[in-house]
Amino acid sequence: MLDVMISQTAALAHHVSHLLPLAGPHDPPPASADPGTNVVPDPGGSSEPPFKAALFKMVQWGMWGALLCCVVGFIVIGARMALQHKRGEGGGHVGSMAIVGFATVVIMTAHQIVSSLAGSGG
């Protein structure tokens, strides 16, 4: 099974490398490109779209809403742990806490990545 996955991944990487517009270290640069202009083009001319502020406001509200859901999730898990402990039952609380903790990490990481790419500074 591992051999099949390795060969399929190698085949995919080979096909994708032909689709990429960037030249590798072994490929000569295209004839139309100048040697010093191997940068990503900026089609907007560095101008911001008119809806940028509203979009960032919506993303920030979404992030805080998602973090609120994570806090509520931790509270619900804690209450469930207390009730089941009082009844003498065991439960898979560690798994639930790991899922909510991982969701919190994903939310904060996504916020940092989007902020750094958009240049808003956090």
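Values in this document were obtained by computation on a predicted structure and should not be read as measured data.
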Surrounding NE2 of His85 (heavy atoms of other residues, nucleotides or ligands, distance under 6.0 Å), is the total greater than 12? no
Notebook entry, point to check: With side chains defined as the heavy atoms from C-beta onward, is the minimum distance between Ser96 and Arg80 less than 4.5 Å?
Noted result: yes
Between the CD atom in Gln84 and the NE2 atom in His93, the distance rounded to the nearest 0.5 Å is 4.0 Å
Closest heavy-atom pair, Cys70 versus Ile107, reported as atoms and distance to 0.1 Å, is SG-CD1, 3.7 Å
Excluding Val106, membership of its hydrophobic cluster (Ile, Leu, Val, Met, Phe, Trp, Tyr; side-chain heavy atoms within less than 4.5 Å) reads Phe102
Would Val59 end up clustered with Leu67 when hydrophobic side chains under 4.5 Å apart are linked, directly or stepwise?
no
Here the pair of heavy atoms bringing Ile77 nearest to Met97 is CG2-CG, 3.5 Å
